[in-house]
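In what follows, every heavy atom counts, from backbone to side chain, and hydrogens, waters and symmetry copies are set aside. Index from 1, following the sequence. First listed ligand is number 1; within each ligand, the first listed atom is number 1.
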Amino acid sequence: MAKVLFCVPLALTIFSFFCLIPCFALASENNSNGCLRYGFYDESCPDAERIIFNAVADKFSEAPESTAGALRIFFHDCFVEGCDASVLIVSSSTTKAERDAEINLSLSANGFDLFFRAKEAVESQCPKKVSCADVMTIATRDCVYMLGGPRFEVQTGRRDGLTSEASTVLANIPQPNQTLSQIISLFKSKGLSVLDMVVLSGAHTIGASHCKEFMNRIYSYNASFEIDPTMDQKYAKKLRETCPERKLDPTVLAFNDVTTPLDFDNAYYSNLQKGLGLLGTDQILALDPRSRAYVDLMAKDNQVFVSHFIKSVVKLGTVGVKTGEEGEIRHYCGSFNT
Ligand code: HEM
Ligand SMILES: *[C@@H]1O[C@H](CO)[C@@H](O)[C@H](O)[C@H]1NC(C)=O
Ligand SMILES: *[C@@H]1O[C@H](CO)[C@@H](O)[C@H](O)[C@H]1NC(C)=O
Ligand SMILES: CC(=O)N[C@H]1CO[C@H](CO)[C@@H](O)[C@@H]1O
Ligand SMILES: CC(=O)N[C@H]1CO[C@H](CO)[C@@H](O)[C@@H]1O
């Protein structure tokens, strides 16, 4: 509710009408999407979205895997301190920033580069007008489209955060060995439902994971099973070839979606129905009664998945956002303005 309050002074201005309605309609307990709106940069940087799109398209043609990396980084940014581009801050000699938390070490360097390039392209046209947080939101939206997913509109008006601490990352980012209850409560703490969680996990329709993220499922599941019995056993044998136990190669990855790894589609969900989920937290979605019906719904119809994905990823983009006078608009996304 505190975040709603900051709009009240603005109510005195001529813009109050545009501000207050979204504030009251959309502000929820932990998400201060106060004055996010469509066309926030129409006056200050009318070409922002086109410039960002072109930068993303360039990066995509050079390094297509950067788009999956970017989508994951966006998710991490929103879950740690809200969608405020705090994840892009580079550590200094005295402070360890979010991106250098242990858990962050596998975030793709190319994904970061995609955001930095998009921001640089915007800065060259409209310096200090467009926040890194909005550049991330728009660029991530474009990544989904480039991967063959839907095209959709996003609201803007986010401000960049003023802190980035590695120590805040671990508790806010889901781990592939967590229980479904842990995952559900983490998403809930960000204002996201079980349906949002299942739908957003559909981002694993693209990209890849390092062997260590699923090794226990294929070699040392529990006292009675070496291989997780909920995993398709042929798939597990293939993964053992990719990831030999004796010489674990930290540079090797397996596709998250084993059937259509490069397409943004609902195959992720039909894989789960067949025991072809890569991470423990993927597979459990098709097994637990709290999430199974949603998996079945998404698996059945790509259009249903796509329309839900748009809603949930837009919602993800409002988690803990800073607006109005909060935060700042960084000039360079890797460091705070001084
Ligand atoms: C539900 C809990 C989730 C868990 C436990 C989880 C965990 C992981 C892990 C362990 C990886 C592999 C990282 C690596 O080895 O480099 C990964 C990759 C990925 N995750 Fe998630 N994730 C979750 C939800 C999400 C959500 C909500 C999104 C986005 C909306 C997302 C997007 C991605 C993408 C795109 C990749 C591939 C990255 C790449 O190829 O560079 N994940 N995830
Ligand atoms: C998950 O794995 C991490 C290390 O990778 C470990 O620190 C943590 O305790 C594990 N959590 C659960 C719930 O098993
Ligand atoms: C191992 O996992 C399976 C499947 O999740 C479960 O049924 C079994 O009870 C577990 N065994 C032990 C010893 O934990
Ligand atoms: C400590 C460390 O290795 N941090 C890395 C975190 O991830 C970024 C992006 O890939 C790397 O640039 C850092 O070196
Ligand atoms: C709904 C919800 O999870 N609310 C949380 C919002 O954030 C505060 C702390 O900032 C938590 O105490 C609430 O539980």
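With a heavy-atom cut-off of 4.0 Å, N256 touches ligand 1 through its side chain alone. For L279, every heavy-atom contact with ligand 1 shorter than 4.0 Å involves the side chain, none the backbone. At a 4.0 Å heavy-atom cut-off, ligand 1 touches T281 through the side chain alone.
Checking only distances, A208 does come within under 3.5 Å of ligand 1, N or O to N or O.
Looking only at N/O/S atoms, H204 comes nearest to atom 21 (Fe) of ligand 1 through NE2.
Remark: minimum distance from atom 3 (C) of ligand 3 to any protein heavy atom is reached at N222 ND2, 3.6 Å. Residue, atom and distance of the protein heavy atom nearest to atom 7 (O) of ligand 3 are F225 CE1, 4.9 Å. Of all protein heavy atoms, the one lying nearest to atom 5 (O) of ligand 3 is Y221 OH, 3.5 Å. Of all protein heavy atoms, the one lying nearest to atom 13 (C) of ligand 3 is S224 OG, 3.1 Å.
Nearest to atom 16 (O) of ligand 1 by heavy atom, out of H210, M197, Q175, is H210. Looking at G69, A68, S312, P250 and measuring to atom 35 (C) of ligand 1, the nearest heavy atom belongs to A68.
A 6.0 Å sphere centred on CD of E120 holds more than 12 heavy atoms belonging to other residues, nucleotides or ligands. Environment of OH in Y219: crowded, with over 12 heavy atoms of neighbouring residues, nucleotides or ligands closer than 6.0 Å.
Which parts of ligand 3 touch P229 is read off a 4.0 Å heavy-atom cut-off, strictly below it: atoms 4 (C).
At distances below 3.5 Å, at least one donor-acceptor pair connects side-chain atoms of R141 with backbone N or O atoms of F152. Side chain of R117 to main chain of K59: no donor-acceptor pair is present (N/O by atom type, distance under 3.5 Å, no hydrogens or angles).
Checked for salt-bridge contact, K322 and E328 miss the test: no charged N lies under 4.0 Å from a carboxylate O. Under a 4.0 Å N-O distance rule, the pair D142/R151 qualifies as a salt bridge.
Residues that satisfy the ring-ring contact (aromatic ring centres under 6.0 Å, His included) test with F264, not counting sequence neighbours, are F305, F309.
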